[in-house]
A.B. asks: 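Here it is, the structure in full.
Positions are given from 1 along the sequence. Each ligand, and each atom within it, is numbered from 1 in the order the structure gives.
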Amino acid sequence: MCGITGYIGDKKAAEVLIDGLKRLEYRGYDSCGVAIINGKNELYLRRVSGRVDALDELVAKDPVKGGFVGIGHTRWATHGVPSEDNAHPHTDCNNQVVIVHNGIIENYLEIKEKLSKTGHKFKSETDTETIVHLVEEKLKTLHVSAANARADMLEPVFFEAVRRAIADLKGSFALSVIWAKCPNMILAARQHSPLAIGLGEGGNFIASDVSAFLKYTKKAVFLNDGELAAVKAPSVSYFSFQGKKLDHSPVTIQWDSTMAEKGGYKHFMLKEIHEQPGSVENTLRGRLLPLKGDVLEKEINLPTAVIREIKNVQIIACGTAYHAGLVGRYVFENFALPASVDFASEFSDRAKIINKDTLIIAVSQSGETADTLHAVKEAKASGARVIAITNTVGSTLTREADYVLYTHCGPEIGVASTKAFLGQMTAMYVLALHFAVIRGNIFDTDARIYVDELLKIPRLIEATLAGEDNILKIAGDFAGSEHFLFISRYINFPIALEGALKIKEIAYVHAEGYAAGEMKHGPIALIDKGMPVLAIATSSKMLQLVAGNIEEAKARGAEVIAIVDEDSREHIKASKYIVVPKTLEILSPLVNVIPLQLFAYFIALAKKCDIDKPRNLAKSVTVR
Ligand code: M6R
């Protein structure tokens with residue numbers, strides 16, 4: 001999420017930066033800006049709320065004089081609404097030090113409070129601005145008198161100030177910093193957020209991904225976590241956060257720029273499926289510990305008293321977000337808080353019977369879905385309080401809701417929702433666990449078990465993704481099928497629904513998701529010879545029953561493709577197996593949905609469908 005560009009060399013920085021931002025716009029596009037050091041060592045800063053085209057126009061009207069070093073940013077808001085003030089680059093109190101940042105600084109409130117006490121004035125609501133004031137503060141403590149110093153003498157001081165500032169940060173960041181007093185160097189750093197350095201003729205580049213500079217050079221160095229780069233026009237030096245010098249050999253990129261935007265993947269959907277370990281990490285980041293702490297309370301402002309008072313939870317959402325809501329219902333009920341779920345479009349009548357005892361959880365990736373917004377309004381009119389789970393800062397839903405929990409998954413471009421679904425489910429676990437701790441429904445030791453296992457989920461998703469080739473092969477065997485059934489029980493029943501929705505929307509094939517136990521009450525009549533039935537049969541208190549339902553389907557000719565884990569496999573007799581890593585049953589949807597997303601993707605690929613923009617659909621449905 002968010003796109004960073006940086007350039008130092010013999011070309012006009014404005015052109016290089018804006019061209020790069022246009023290529024990075026898929027990473028975020030709610031606001032953008034550039035900061036360039038002009039020929040007189042003054043700062044040229046231009047920012048807009050909106051797209052890079054608007055920034056391009058602004059810069060063209062009032063061009064920078066000279067200017068061969070600068071940084072740029074296109075934003076996907078995480079802290080602070082999309083606006084010009086919150087747009088990057090951000091500056092220190094004296095408009096001398098300037099930063100662009102991608103990621104989330106977990107301890108920014110703490111740092112901001114300390115810096116405010118020492119007189120720093122903040123101009124935005126972002127976590128990013130904290131970093132630039134911190135660099136300014138570190139420069140002060142290094143006692144430099146920059147007024148008459150030569151720029152090259154200031155370089156080690158600037159480096160040290162940035163290095164020390166970084167040491168105080170908790171969270172994830174890719175950042176680039178410039179200092180007007182030191183115009184021959186850009187500093188770049190990476191911790192859990194990608195950053196690449198492009199090595200060109202006559203100048204060097206910085207970018208969140210190589211698509212921003214491939215037009216100029218195909219030679220790149222990818223910074224590792226914990227590394228800093230001092231980027232100058234003739235050369236680049238690399239360091240650890242401890243200041244130790246490092247060596248890096250450049251790699252040659254074979255992609256063209258469109259491939260690079262998709263990270264080398266054929267479609268955004270596939271890229272987003274592969275980004276899911278990171279999206280889960282981003283949704284969890286800084287929110288689980290300390291258990292009884294006020295981490296979440298501070299962030300979402302939901303008073304503990306409200307959490308204790310409410311009698312039940314009502315979830316409203318549409319499509320994939322509704323499936324996340326169904327998972328959420330099981331999760332809340334597991335922690336002894338009654339919960340129900342409705343399609344937002346079917347909520348009207350139920351809205352009349354709720355009141356302030358109900359906490360509404362409205363789930364929406366875009367935060368702009370008309371059905372969800374309408375349902376929220378109706379719920380509020382009945383006196384209920386509303387918390388939004390959304391991926392989109394500044395969306396209408398965030399303004400309608402009383403409280404907001406962001407999923408922080410970054411922009412989802414593929415119309416078929418994948419990583420946002422993982423983020424929505426993860427947010428449900430975070431909230432339900434938080435509520436359970438506050439309401440005293442769970443012992444701390446038990447809560448720790450869930451926390452520890454949740455923290456392992458990103459690695460389990462990675463292991464599941466590593467089995468992609470097996471899924472491709474199985475999908476190839478069934479690409480000609482006209483009907484698919486997806487079955488499971490309990491908390492994986494919504495995953496069966498989601499598997500069916502994915503294949504319907506991107507491969508245009510008829511599919512049904514069913515509660516496995518319901519099959520015998522009607523739908524089993526659909527099964528005849530060779531019909532593919534995807535059964536989620538990972539370790540569960542319901543496993544024997546699911547095994548029985550699989551036998552019933554097979555007896556009618558179904559070809560069963562079973563999603564199993566290493567322990568459940570021996571209990572399931574199927575035609576094909578997709579083995580996923582085992583986790584706690586309650587968390588298993590986070591892993592089990594991955595093969596179904598890939599399966600739908602490969603079926604759609606075989607059918608040559610327009611995967612990122614399926615027919616008749618829109619990413620955000622703003623009509624009722
Ligand atoms: O932006 P939202 O999460 O509110 O969108 C809700 C649905 O329209 C959305 O999940 C839709 O079902 C997806 N295309 C499914 O992949």
A.B. asks: For ligand 1 and Thr372, I'd like to know whether there is a polar contact (N/O to N/O, distance under 3.5 Å).
C.D. replies: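 By distance alone, the answer is no.
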
A.B. asks: Take the angle between the ring planes of His483 and His510 and call it parallel below 30°, perpendicular above 60°, tilted in between.
C.D. replies: perpendicular

A.B. asks: If I apply the N/O under 3.5 Å rule, does Val415 come out as touching ligand 1?
C.D. replies: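 Looking only at distances, the answer is yes, because the N/O contact criterion of under 3.5 Å is met.
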
A.B. asks: Which residue and atom name correspond to the protein heavy atom nearest atom 8 (O) of ligand 1, and how close is it?
C.D. replies: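 Checking every protein heavy atom, the shortest distance to atom 8 (O) of ligand 1 gives Val621 CG2, 4.1 Å.
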
A.B. asks: May I ask you to list the atoms of ligand 1 that are less than 4.0 angstrom from any heavy atom of Ala321?
C.D. replies: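 Within the 4.0 Å cut-off of Ala321, ligand 1 contributes 3 (O), 10 (O).
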
A.B. asks: Compare Gln365, Glu505, Gln424 and give the one whose heavy atom is closest to atom 3 (O) of ligand 1.
C.D. replies: Gln365

A.B. asks: Would you kindly check if the NZ (Lys) or CZ (Arg) of Arg615 is within the cone defined by 45 degrees around the ring axis of Tyr508 and under 6.0 Å from the six-membered ring centre?
C.D. replies: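 Because its charged atom sits under 6.0 Å from the ring centre and within 45° of the axis, Arg615 does stack over Tyr508.
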
A.B. asks: Starting from atom 15 (C) of ligand 1, find the nearest protein heavy-atom neighbour and note its residue, name and distance.
C.D. replies: Thr320 OG1, 3.0 Å

A.B. asks: Please give me the minimum heavy-atom distance between Asn282 and Arg285, naming the atom from each residue.
C.D. replies: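 In this case the closest contact between Asn282 and Arg285 is OD1-NH2, 3.0 Å.
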
A.B. asks: Aromatic contact between Tyr330 and Phe335, with the criterion being ring centroids under 6.0 Å apart: yes or no?
C.D. replies: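 Ring centroids of Tyr330 and Phe335 are no less than 6.0 Å from each other.
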
A.B. asks: Just need the protein heavy atom nearest to atom 7 (C) of ligand 1, so name the residue and atom and give the distance.
C.D. replies: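 That would be Cys318 O, 3.6 Å.
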
A.B. asks: Please list the nearest protein heavy atom to atom 5 (O) of ligand 1 with its residue and the distance rounded to 0.1 Å.
C.D. replies: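 Atom 5 (O) of ligand 1 sits closest to the protein heavy atom Thr369 OG1, 3.5 Å.
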
A.B. asks: For ligand 1, which atoms have a heavy atom of Lys502 less than 4.0 angstrom away?
C.D. replies: 15 (C), 16 (O)

A.B. asks: What are the atoms of ligand 1, with element, lying closer than 4.0 Å to any heavy atom of Ala416?
C.D. replies: 16 (O)

A.B. asks: Identify which one of Lys356, Arg439, Arg385 satisfies the salt bridge (Lys or Arg N to Asp or Glu O under 4.0 Å) criterion when paired with Glu309.
C.D. replies: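 Running salt bridge (Lys or Arg N to Asp or Glu O under 4.0 Å) over Lys356, Arg439, Arg385 with Glu309 returns exactly one hit, Arg385.
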
A.B. asks: Is it true that Lys473 and Glu468 have a side-chain N and a carboxylate O under 4.0 angstrom from each other?
C.D. replies: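 Between Glu468 and Lys473 there is no salt bridge, as every charged N stays at least 4.0 Å from the carboxylate O atoms.
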
A.B. asks: Look at Arg287 together with Glu299 and state whether they make a salt bridge at an N to O cut-off of under 4.0 Å.
C.D. replies: yes

A.B. asks: Suppose I only count heavy atoms of Ser366 and a 4.0 Å limit; which atoms of ligand 1 are within that range?
C.D. replies: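 In order of numbering, the contacting atoms are 1 (O), 2 (P), 4 (O).
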
A.B. asks: Determine whether His323 and Leu501 make a side-chain contact, defined as any pair of heavy atoms from C-beta on separated by less than 4.5 Å.
C.D. replies: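 Yes, side chains in contact.
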
A.B. asks: Show me which atoms of ligand 1 lie under 4.0 Å from any heavy atom of Ser417.
C.D. replies: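 Those atoms are 15 (C), 16 (O).
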
